[in-house]
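Before any comments, here is the structure.
Hydrogens, waters and symmetry mates play no part in the numbers below; they use all other heavy atoms, side chains included.
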Amino acid sequence: MTCAACVARVEKKLNRVDGVSATVNLATGLARITHPSEVGVDLLISTVERAGYTARLPSPPLATGDEDEAGDDDGRERLVITAVLAVPVLVLSMVPALQFDYWQWLCFTLAGPVVIWSSHPFHARALSGLRHATATMDTLVSLGVIASYLWSVYALYFGGAGDPGMRMPFSWLPRAEGDTAHLYLEAAVGVPLFVLAGRYLEARAKRGTGSALRALAELGAKDVELKGSGERISVSALLTGQEFMVRPGEKVATDGVVTEGSSALDLSLVTGESTPVEVGPGFRVVGGAVNSGGLLVVRATAVGADTQLARITRLVTDAQAGKARIQRLADAVAGVFVPAIVTVAACVLGFWLGAGADAEAAVTAAVAVLVVACPCALGLATPTAFLAATGHGARLGVLIKDPGALERLRRVDTAVFDKTGTLTTGRMTLVETVVAEGRDATDVLRLAGAVEYGSEHPVGRALLAAARRQAGGEPLPETADFRAVRGEGVHGRVEGREISVRSPRAAAPLPDTLHEGLLRAAETGHTAVVVEIDSRPVALLAVGDTLRPSSGAAVTKLKRLGIEPILVTGDGSSAAEAVARELGITTVHAGVSPEAKAELVAALRAEGRHVAVIGDGVNDAAALARADLGIAMGSGTDAAIGAADITLVREDMAAVVDAVLLTRRTLATIRANLVWAFGYNVVTVPLAATGWLNPMFAALAMSASSVLVVGNSLRLRADGPRPRRRPPAAGRVPGRSAVRRGSDDLSLR
C-alpha cells in the first residue's frame, strides 16, 4: 500500500465479506480483522489479493523489523541508480550554459531506464489498480511520468527539439517559448527520483515511529542457562517450572520467582523506571529485567506469549494497528481523492485545449496536476502520529489499548481516583512510632519485629519489614513461646522479657503520649497497635497505607490542566478525608460500594462531564467500564486492566499526567498534519491547473509533503514527556482474557 486510497480499497473489499469487520493502517501495514469462525485466514488473504495487494499473517515484531530493513536496502539501491541516471538530465535541462550539441539525446538516453525500470513499481501498481477498477497515488505518478516522457518523444522527433544546436532555457513555469516544443525529460526523471526519495525517507521515518515496538521485541534474552546442567538453551525452549540461572549483567529470561540468591534488578527497560529494586527468595521477577548484582536462580512461572514483556508488546502492537475516528474521515476523503484528481487533470487538459492554448501547455498543466496531488499525506497524517505516541507511551510506562483512547482522554475534565492501590501504595507500612517516656524507639521496634516474625497478619508483616530495615541486615532476636490470639494480637518471650503486640484495650488505659498517638491514628484512618513489655504499655505503633510519592504532584498538575480530581473509595470517611486533605482533593465519596462507584460515574457523565476513572481492583472494574476513559494500574487485577483503556505499567501517578500531556501533544500534531495535508492540496492543485507549476517542482513538493507529515509526527518522540526515575515495581498487563477470539491481524504489502 502506498496511500490512503489503497487503504480504502482493501477495507472496502474485506468489509464486503459476510460478518467481517476490518480496519487497515497505512503506517503499520496491518489490517485488524474481526470475523466469524467459518471465515478462515485463507479467505481473508485471497480477498486482499483480489483487491490487488498481498497479505500474510504478521511475523513477530523483531522478524518484521528485519524484513523492513531488507526492504529499505532494495529501495535504497533503486534510488541510488535512479539518482545516477537522473541527476545529469536535471542539471543539463536546468543549466543552459552546460548544454552542448546533442545534449538532449544524451538526456533522452539516460531518461529511458528511469522511465521504464526506476518507475516500474509505479507502473505495475497503477496497472494492477486499473485491472481492479481503482486508482491510487501510483496511478497519478505513473500517468505523470508517461505523459512527460511521451511529450518529450514527440518534441524530439516531431517538434524540432532534436536539432543538434537546440538550447532550452529553464523556467519554473511550464510554458513553451518560441517555435520549438519544450522538452520535459527533467520532469520524466525528476518525478520518479523525488517520489522514490520521498518514500525512502518516509519509510525510514515510519520505522523510527515504530522503534519502541522493535525495542520491546529486542528486550528479551535470547538464551538461558538451566540450573544444574550448565546447558544454555533457547528461551523459546524453556518450560514453566524449570529453574534457570541469571548471572550479573544478564537479563532475566522470563517471568518467574526467585528461589535462590539476592540481587538488585534494573526494571527500566520494562517499566520506564531506572532505580534498581532489591529481590531475594520468594520475589517475583519479570522477563527483560537486568541483573545488576549477585547470582540468582529463578523458577519460570510464565513463558512465551504469557510473559509480561510479551503482553506489553502485544498491547502496543494492538494499539498501533487500530484506527482513530479522525483517521476514518481522512481515509474516506482519500478514497475519492485520486479519481477526483484524474478527473480534474482531464478537465484541465480539455479547458486549455478548448481555450486555444497550444497542446504543450495543456499537457504540461494536466501532468502537473497529476503529479502535485498527494493523498499520501492524508493517509499518514493520523496513523504516524499515533504510532509515535503509542511507542513513546510504552517507554513512559503508559500502555494505550487503542487510538480512540487518546481522543477520549483529550476531552476528559474529571478524574475519579480510587484510593487504595492507586493514590496509595496498597501496602501496610509503619507510619508513626510513639514511645512512652524513658523508652528507646529503636529497641521497641526491634522487639516488636522479633515477636511478629511468625505472624501472617498484614500489620505484623508491616512491623517486621520496618524492624528489618532498621536492623540493616543484622538478625532480629529469637522469640520463644510465640502465640497468636485471634482479634487481639501476638505474644512471645524475647531476650527474657514478655512482649505483646496487641490492639488497644478500653480496659487498659494508656499513658498520655500514647493516648494522643491513638487519637491521631484514628483521625488519619491508620491502624494502631500497642507494644507491651512485661504487661506494661511502652509504645504505640501506627500502621497504614501510605501515599505514593508522586500522588500529590500528579493531582496538582491535573488541576492545572483543567481536570478536577474526585476521590471515591470503599474505605471509611476518616481515612478518605485524611488522604484528600493531604492531596488537596475537595470532593470525596467514602464507603462507596462497587455498584455505587459505577452509578456515580454515570451521574457525572449525565451532568455533561467527560470522566476518567483511575483504579486497580476488581471493585473498580464496573466504574472503569462505565467511564469515558478507564485507566488501570499495572499492578492491579486482571478484571480492572481488562476493563481499562490505558494501563500504567509503572506504579507512578505521574504517568497519568504524562498520558494527558502526551495526548494533547499527539492531537495537536495530528491537527497540524491534517491542516498541512489538506492545505497543501488546496493550494498546489489550483497552481498546477492554471499553469504556474512545473511538473518537476510539483513532484518535489508532493514528495516533501509526505516526509514533512511523518517528520512532524516524529517530534512526539523527541519532545514528549521523559521517563521518570522512581523506584520501580513490576506491574501486570492484560493476559489472555484481553485477546479476542476470531480476531486476526494481516500484514499488508
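- Here the side chains of L624 and I614 are not in contact, with every heavy-atom distance at 4.5 Å or above.
- Between the side chain of N15 and the backbone N or O of A22, at least one donor-acceptor pair lies under 3.5 Å.
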Discussion item. Please determine whether side chain to side chain contact (heavy atoms under 4.5 Å, CB included) holds for the pair F122 and V145, giving the CA-CA distance in whole Å, both sets of side-chain angles, and the decisive distance to 0.1 Å.
Written reply: CA-CA 9 Å; F122 309 125; V145 171; 5.7 Å; no

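- Of all heavy-atom pairs between V683 and P686, the closest is O-CD, 3.4 Å.
- Sparse packing is recorded around NZ of K12, with 12 or fewer heavy atoms of other residues, nucleotides or ligands lying under 6.0 Å away.
- Side-chain atoms of R125 and S128 form no donor-acceptor pair, as typed in the model, at a separation below 3.5 Å.
- Looking only at side-chain heavy atoms (C-beta outward), K557 and V660 stay at 4.5 Å or farther from each other.
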Item to complete: Test V657 against L558 for side chain to side chain contact (heavy atoms under 4.5 Å, CB included), laying out the working first.
Response: CA-CA 7 Å; V657 180; L558 287 176; 4.2 Å; yes

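- Heavy atoms only, all atoms of each residue included: T666 and A385 are closest at CG2-O, 4.1 Å.
- Considering only heavy atoms from C-beta on, H35 comes within 4.5 Å of L44 through its side chain.
- Put simply, the side chain of R50 reaches to within 4.5 Å of the side chain of T47, judged on heavy atoms.
- Residues T82 and S118 come closest through the heavy atom pair OG1-OG, 2.7 Å.
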Worksheet item: Under the side chain to side chain contact (heavy atoms under 4.5 Å, CB included) criterion, do V398 and L662 qualify, and how do the steps go?
Response: CA-CA 10 Å; V398 179; L662 180 62; 5.7 Å; no

Item to complete: Determine, stepwise, if the pair V709 / Y680 fulfils side chain to side chain contact (heavy atoms under 4.5 Å, CB included).
Response: CA-CA 11 Å; V709 164; Y680 162 83; over 6 Å; no

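- Under the 4.5 Å side-chain criterion, counting only non-hydrogen atoms from C-beta, N681 is not in contact with I341.
- Note that CD1 of I631 and OG1 of T647 are 9.5 Å apart. Values are rounded to the nearest 0.5 Å.
- Taking the side chain as every heavy atom from C-beta outward, E11 and T23 approach each other to under 4.5 Å.
- Considering CZ of R76 and CG of L196, their distance stands at 13.5 Å, rounded to 0.5 Å.
- In this structure, A623 and V601 approach most closely via the heavy-atom pair CB-CG2, 4.1 Å.
- At least one side-chain heavy atom of M653 sits under 4.5 Å from a side-chain heavy atom of L423.
- Taking the side-chain contact (heavy atoms from CB on, under 4.5 Å) definition, one finds that N712 meets it with T669, A672, N673, R715, sequence neighbours left out.
- Of all non-hydrogen atoms in I45 and A55, the two that sit nearest each other are CG2-O, 3.6 Å.
- In this structure, the separation between OG1 on T414 and CD1 on I566 is 5.5 Å, given to the nearest 0.5 Å.
- Within the model, atoms CZ of R410 and NE2 of H610 stand 9.0 Å from one another, a figure rounded to the nearest 0.5 Å.
- Atom-to-atom distance recorded for L409:CG and L661:CG is 9.5 Å, nearest 0.5 angstrom.
- Shortest non-hydrogen contact noted between S142 and H123 is OG-ND1, 2.7 Å.
- Put simply, the residue from R605, R408, R411 that forms a side chain to side chain donor-acceptor pair (under 3.5 Å) with D628 is R605.
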